[in-house]
Amino acid sequence: MSRTASNRAAPRDPFAVLGRPLPPDFYRRSSLQVAPDLLGLLLCHDTVDGLVAGRIVEVEAYKGPADLAAHSARGRRTARNEVMYAAGGCAYVYFIYGMHFCMNVVTAVPGAPEAVLLRALEPVAGEDLMRERRGARAATAALARGPGNLTRALAIDRRQNGIDLATSELRILRPADDSFPRPAPRDIVRSPRIGVDYAGAWAKRRWRFSLRGSASVSVPPRARPAR
DNA sequence: GAATAGATTGTCT
DNA sequence: GACAATCTATTCT
């Protein structure tokens with residue numbers, strides 16, 4: 001067959017084998033609705049070093065202005081969190097503790113400052129590159145366990161702040177492979193968010209969502225039973 | 001196994 | 001000047 005014209009014309013899409021982007025409406029909902037729906041999807045980053053992808057297994061919803069744990073609490077709007085006020089579907093990346101980046105998915109409609117923090121992935125592609133970036137000879141399940149480790153394993157930093165997650169080098173995809181099925185509701189665990197004790201009653205809300213049984217979830221969702 | 005401290009800097013009061 | 005949507009190693013029990 002010599003029908004190479006169309007092949008030549010089509011730009012190579014390194015993401016195509018992994019899955020397809022989500023439609024804009026997926027992100028234009030409350031962070032409380034989007035958060036559990038992100039579980040099982042793929043976060044992928046294509047850089048000069050190679051393509052890396054992981055299955056999202058742990059997230060947290062932040063819903064300003066009411067939510068006092070959110071950067072947008074009480075309607076706070078600064079240069080740092082400005083992108084939270086944009087339309088859902090882009091990345092919000094910020095620097096914390098002098099050494100870590102955290103990545104969020106902006107949700108809801110323009111003007112509603114909501115986001116979902118991505119806390120952990122199970123490696124799916126580019127495991128060697130992830131391990132190289134993490135340095136240590138870490139276990140596979142731990143390569144992107146925890147928000148700081150996730151951004152480091154995927155080489156995510158300020159440069160990705162505000163970019164579109166459907167069209168950029170950093171994307172979220174619905175997996176094409178049947179070996180990554182949509183998680184059943186009973187496999188989604190709700191628990192309080194991590195590291196927001198300063199937010200009082202808001203810290204007790206179970207706005208963390210994780211996949212039951214995943215070895216990559218950062219903090220065991222259930223407090224250890226006392227015995 | 002649980003608790004603690006140190007690293008290190010952008011952001012906001 | 002205080003502190004943060006963290007991680008790791010170390011030091012207790």
Side-chain angles (χ1 to χ4, degrees), chain A residues 30-32 34-36 38-39 43 54 56-86 88 90-108 112-121 123 130-162 189-210 215-227:
Chain A
S30 163
S31 58
L32 270 300
V34 175
L38 286 170
L39 296 176
L43 178 66
I56 299 170
V57 297
E58 182 186 351
V59 301
E60 284 176 0
Y62 288 86
K63 184 179 170 61
D67 177 13
L68 295 186
H71 289 172
S72 53
R74 297 191 181 90
R76 187 168 60 169
R77 185 169 188 165
T78 66
R80 179 178 69 156
N81 72 1
E82 176 62 31
V83 68
M84 286 186 79
Y85 289 81
C90 62
Y92 168 40
V93 183
Y94 65 89
F95 185 66
I96 193 169
Y97 294 122
M99 60 188 78
H100 299 295
F101 289 98
C102 289
M103 178 191 165
N104 295 250
V105 176
V106 174
T107 74
E114 305 190 21
V116 178
L117 172 68
L118 303 184
R119 288 192 55 92
L121 312 175
M130 294 173 88
R131 186 167 281 112
E132 196 175 306
R133 288 165 173 161
R134 289 291 318 282
R137 44 189 182 283
T140 298
L143 290 173
R145 177 197 288 154
N149 290 334
L150 182 158
T151 54
R152 188 162 172 210
L154 269 70
I156 295 167
D157 60 31
R158 287 183 185 79
R159 291 170 294 184
Q160 282 75 46
N161 188 44
V189 181
R190 296 181 56 158
S191 52
R193 294 172 291 181
I194 306 296
V196 295
D197 290 345
Y198 57 83
W202 292 90
K204 295 186 169 62
R205 301 221 170 182
R206 300 191 306 160
W207 285 4
R208 179 165 76 124
F209 302 84
S210 58
S216 293
V217 171
S218 64
V219 180
R222 286 172 188 279
R224 179 172 307 282
R227 51 166 299 161

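Chain A is the first sequence line, chain B the second, and so forth, proteins listed ahead of strands; every chain is numbered from 1.
- For the pair A:Asn104 (side chain) and A:Ala115 (backbone), a donor-acceptor distance under 3.5 Å is absent.
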What protein N or O atoms touch nucleotides 8-13 of chain C N or O atoms at under 3.5 angstrom, if any, and at what distances?
| from | atom 1 | to | atom 2 | distance (Å) |
| --- | --- | --- | --- | --- |
| C:dT8 | OP1 | A:Arg134 | NH2 | 2.5 |

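- In A:Arg190, the CZ atom is crowded: over 12 heavy atoms of neighbouring residues, nucleotides or ligands sit closer than 6.0 Å.
- Taking 4.5 Å as the limit, some side-chain heavy atom of A:Pro192 sits within range of a side-chain heavy atom of A:Arg206.
- Spacing between atom CZ of A:Arg193 and atom P of C:dA5 amounts to 11 Å, rounded to whole angstrom units.
- Paired with A:Tyr92 under the rule side chain to side chain contact (heavy atoms under 4.5 Å, CB included), one option of A:Glu82, A:Met103, A:Arg80 passes, and it is A:Arg80.
- Partners of A:Arg159 according to the side-chain hydrogen bond (donor to acceptor under 3.5 Å, both in side chains) rule, which considers only residues two or more places apart in sequence or in another chain, are A:Asp157.
- Partners of A:Arg205 under the side-chain hydrogen bond (donor to acceptor under 3.5 Å, both in side chains) rule, at least two apart in sequence or in another chain, do not exist in this structure.
- Taking side-chain N and O atoms only, A:Tyr94 has no distance below 4.0 Å to OP1 or OP2 of C:dA4.
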How does DNA chain C look in dot-bracket form if you count Watson-Crick and G-U pairs under 3.5 Å, write [ ] for pairs that cross, and put | where a base pairs with another strand?
-> ||||.|||||||.

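- Separating the CZ atom of A:Phe209 from the P atom of C:dA5 is a distance of 19 Å, rounded to the nearest angstrom.
- Judged purely by atom type and a 3.5 angstrom limit, A:Ser210 has no side-chain atom pairing as donor or acceptor with the backbone of A:Val217.
- Within the 3.5 Å criterion, the main-chain N or O of A:Arg152 finds no donor-acceptor partner in the side chain of A:Arg134.
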For every nucleotide of nucleotides 5-13 of chain B, 5' to 3': is a protein heavy atom under 4.0 Å from its base (B), only from its sugar-phosphate (S), or from neither (-)?
-> --BBBSSS-

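- Residues passing the salt bridge (charged side-chain N to carboxylate O under 4.0 Å, His left out) test with A:Glu58 are A:Arg119, A:Arg208, sequence neighbours excluded.
- In this structure, A:Leu118 places its CG atom 15 Å from C1' of C:dT6, rounding to the nearest Å.
- Counting all heavy atoms, side chain and backbone alike, A:Gly64 lies closest to A:Ala70 at N-CB, 4.1 Å.
- One can place CG of A:Asp197 at 14 Å from C1' of C:dT6, the figure rounded to the nearest angstrom.
- Going from atom CE of A:Met103 over to atom P of C:dT6 covers 16 Å, rounded to whole Å.
- Of the possible donor and acceptor atoms, none in the side chain of A:Arg133 sits under 3.5 Å from a partner among the backbone N and O of A:Leu143.
- Distance CG (A:Leu117) to C1' (C:dA4): 13 Å, rounded to an integer number of Å.
- C:dA5 atom P lies 16 Å from atom CD of A:Glu58, rounded to whole Å.
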